[in-house]
Amino acid sequence: AVGGVTRADQPLTVSGIVSLSVGQVAIKTISANGKSSSHDGVVGQTIYLNDEIRTGANSRVQLLLKDQTVFNIGQNSVLTIDKFVYDPSKSQLSVSIEKGAFKFVSGKISNSSPEAMQVKLPNATIAVRGTGVAGIVEPNGSATVILLHGVVDVTSSVSNATSTLSKSGWGVQISPVGAVSAPAPVPPEVSRNIIQTSKASQSTAVATS
């Protein structure tokens, strides 16, 4: 190794930080040499590329990425940062949500090109174009995606069929086998419930702090 620095010592790519944390939040980081380590997702904790963020019961976490994208995930959720390149010439952001309620507001990367930001669900992919989105992934892999503002394309991972959401408050359903429904208005109470779930236990945190 040149100068005593081995490949394993290469710094990990910083994607962002934990900006809010309530309850049990665990972060699994994979080092350059493939070793994994786990640590608590406390406020100010650095988020690296390939980190897996997992919340427990009555927990929630907010992630602020370097391009100003903000992710909220609720209790019993799993999110992984798959790709993060914040570069003027070619920015890319890819995040996987395995399960749980989520809400995000996209940052600068989503504005760089239509393909620059993707959010992957078990059976579909959300292509993000300057957007706010909420949704929930159920344990069986089915999901609901609701547009808050902006435009998104939701594409089945199975059939490649795409539904475009461009009306605030409209959403699509994704079946456990990857069928994506046509866009339809989502009842306000359903939207409120999902958004509230992604922010679970805020009142509990205030009471116990």
Side-chain angles (χ1 to χ4, degrees), residues 1-56 59-74 76-122 124-135 137 145 150 152-155 157 198:
V2 178
V5 178
T6 65
R7 176 175 168 75
D9 295 324
Q10 289 180 347
L12 295 169
T13 301
V14 175
S15 299
I17 62 164
V18 173
S19 49
L20 190 151
S21 179
V22 174
Q24 183 186 3
V25 179
I27 300 175
K28 185 168 78 173
T29 296
I30 308 295
S31 67
N33 61 4
K35 290 183 179 177
S36 68
S37 60
S38 292
H39 38 272
D40 293 336
V42 296
V43 172
Q45 176 71 50
T46 302
I47 301 294
Y48 297 102
L49 178 65
N50 297 322
D51 273 6
E52 178 190 88
I53 296 94
R54 189 178 288 264
T55 59
S59 304
R60 63 177 285 229
V61 68
Q62 183 183 79
L63 311 176
L64 174 62
L65 303 188
K66 287 172 68 178
D67 75 323
Q68 305 302 310
T69 295
V70 177
F71 273 94
N72 287 284
I73 59 172
N76 299 320
S77 298
V78 181
L79 177 150
T80 304
I81 309 287
D82 296 320
K83 187 178 290 183
F84 188 88
V85 180
Y86 190 26
D87 184 288
S89 60
K90 182 67 175 175
S91 291
Q92 282 187 303
L93 172 59
S94 177
V95 172
S96 294
I97 298 174
E98 184 181 318
K99 62 177 182 175
F102 62 89
K103 176 176 177 257
F104 66 84
V105 177
S106 62
K108 295 175 183 175
I109 286 179
S110 68
N111 297 324
S112 61
S113 78
E115 301 83 33
M117 180 177 172
Q118 293 188 333
V119 177
K120 297 176 182 176
L121 309 180
T125 299
I126 306 169
V128 180
R129 295 180 259 168
T131 306
V133 173
V137 179
V145 176
V152 294
D153 294 324
V154 182
T155 302
S157 305
S198 74

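Asp153 meets the salt bridge (Lys or Arg N to Asp or Glu O under 4.0 Å) test with Arg129; sequence neighbours excluded. Judged as a side-chain contact (heavy atoms from CB on, under 4.5 Å), and not counting sequence neighbours, the contacts of Gln24 are Ser59.
When side chains are defined from C-beta on, Tyr48 counts as touching Val14, because their heavy atoms get closer than 4.5 Å. Between Leu65 and Ile81, some side-chain heavy-atom pair lies under the 4.5 Å cut-off. Side chains of Asn50 and Thr80 form no contact here, defined as non-hydrogen atoms less than 4.5 Å apart. When side chains are defined from C-beta on, Val128 counts as touching Phe104, because their heavy atoms get closer than 4.5 Å. Side-chain contact between Thr29 and Leu12 is present, with at least one heavy-atom pair separated by less than 4.5 Å. Taking the side chain as every heavy atom from C-beta outward, Ile109 and Phe84 approach each other to under 4.5 Å. Contact of the Val70 side chain with the Gln62 side chain is registered, since non-hydrogen atoms from C-beta on lie closer than 4.5 Å. His39 places a side-chain heavy atom less than 4.5 Å from the side chain of Ser37.
Ala116 and Ser91 get closest at one heavy-atom pair: CB-O, 3.5 Å. Of all non-hydrogen atoms in Val61 and Ile53, the two that sit nearest each other are CG1-CG2, 3.8 Å. Across Lys66 and Tyr86, no two heavy atoms sit closer than the pair O-CE2, 3.6 Å. For the pair Gly41 and Ser21, the tightest heavy-atom approach, listed with the atom from each and the gap, is O-OG, 2.6 Å.
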Evaluate the side chain to side chain contact (heavy atoms under 4.5 Å, CB included) criterion for residues Leu93 and Ser110: first the C-alpha distance (whole Å), next the side-chain angles of each, then the deciding distance (0.1 Å), finally the verdict. CA-CA 8 Å; Leu93 172 59; Ser110 68; over 6 Å; no

Evaluation steps, side chain to side chain contact (heavy atoms under 4.5 Å, CB included), between Leu20 and Arg60: CA-CA 8 Å; Leu20 190 151; Arg60 63 177 285 229; 3.6 Å; yes

Pair Val18, Val25 - check side chain to side chain contact (heavy atoms under 4.5 Å, CB included), show working. CA-CA 10 Å; Val18 173; Val25 179; 5.9 Å; no

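Just one residue in the list Asn72, Leu79, Leu121 forms a side chain to side chain contact (heavy atoms under 4.5 Å, CB included) with Phe102, and that residue is Leu121.
Legend: salt bridge (charged side-chain N to carboxylate O under 4.0 Å, His left out) pairs involving residues 27-53, not counting sequence neighbours, sorted by first then second residue: Glu52-Arg54.
Atom OG of Ser15 is separated from atom NZ of Lys83 by 12.5 Å, given to the nearest 0.5 angstrom. Expressed to the nearest 0.5 Å, how far CG of Asn111 lies from CD of Gln68 amounts to 12.0 Å. The OG atom of Ser113 lies 5.5 Å from the NZ atom of Lys90; values are rounded to the nearest 0.5 Å. Atom NZ of Lys120 sits about 5.0 Å away from atom CG of Asp82, to the nearest 0.5 Å.
Put simply, the side chain of Thr55 gets close to the backbone of Ser77: a donor and an acceptor are under 3.5 Å apart. Between the side chain of Thr69 and the backbone N or O of Ser106 there is no donor-acceptor pair closer than 3.5 Å.
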